[in-house]
Amino acid sequence: MWLETITVRSSRLDAVVAYVRELTEEFEPPSPHTAVAVYLREAPTCDLSIHLLSPDQPNHSTGWTTRIAAALGEFGTVDHALWRPLDAAEDEPNASSTTTQNPRSTL
């Protein structure tokens, strides 16, 4: 299973939660086999993480997930990563991650 994560750290967590709730109501997974879950970090609660779990390597990381990661940058620091299974074939790409820092972030 492949895991794609989008995690935002923000001092405005209430606004992030409201925004993500709106987005996930409209979101249709790229595949019927993709599971989507949203998590809040346990205390101190300042992180929200969206997880997409797919049986195959996602080819949508340049689509919806990239747009949501960019949009969440308005609220704070965002980490967007694609994780491959440890036992995936060696010729498959490595997990990738990007972190963006909002210069206006209050963290």
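Hydrogens, waters and symmetry mates play no part in the numbers below; they use all other heavy atoms, side chains included.
Residues Tyr39 and Leu48 have side chains not in contact (no heavy-atom distance under 4.5 Å, counting atoms from C-beta outward). Using a 4.5 Å heavy-atom cutoff, the side chains of Trp83 and Trp2 are not in contact. Taking the side chain as every heavy atom from C-beta outward, Ile50 and Ile68 approach each other to under 4.5 Å. At a threshold of 4.5 Å between non-hydrogen side-chain atoms, the residues Thr65 and His80 count as touching. At least one side-chain heavy atom of Glu74 sits less than 4.5 Å from a side-chain heavy atom of Arg12. Val16 places a side-chain heavy atom less than 4.5 Å from the side chain of Ser10. Looking at heavy atoms from C-beta onward, Val17 lies in side-chain contact with Leu40 at the 4.5 angstrom threshold.
Not a single donor-acceptor pair under 3.5 Å links the side chain of Thr77 to the backbone N or O of Arg9.
Paired with Val38 under the rule side chain to side chain contact (heavy atoms under 4.5 Å, CB included), one option of Val20, Leu23, Ile6 passes, and it is Val20.
Rounding to the nearest 0.5 Å places CZ of Arg84 at 13.5 Å from CG of Leu3. Here CD of Glu42 is found 12.0 Å from CG of Asp47. Values are rounded to the nearest 0.5 Å. Between the OG1 atom of Thr5 and the CG atom of Leu53 there is a distance of 11.5 Å, given to the nearest 0.5 Å.
Listed here is the closest heavy atom pair of Ser54 and Thr34: OG-OG1, 3.3 Å.
For His51, the side-chain hydrogen bond (donor to acceptor under 3.5 Å, both in side chains) partners are Ser49, not counting sequence neighbours.
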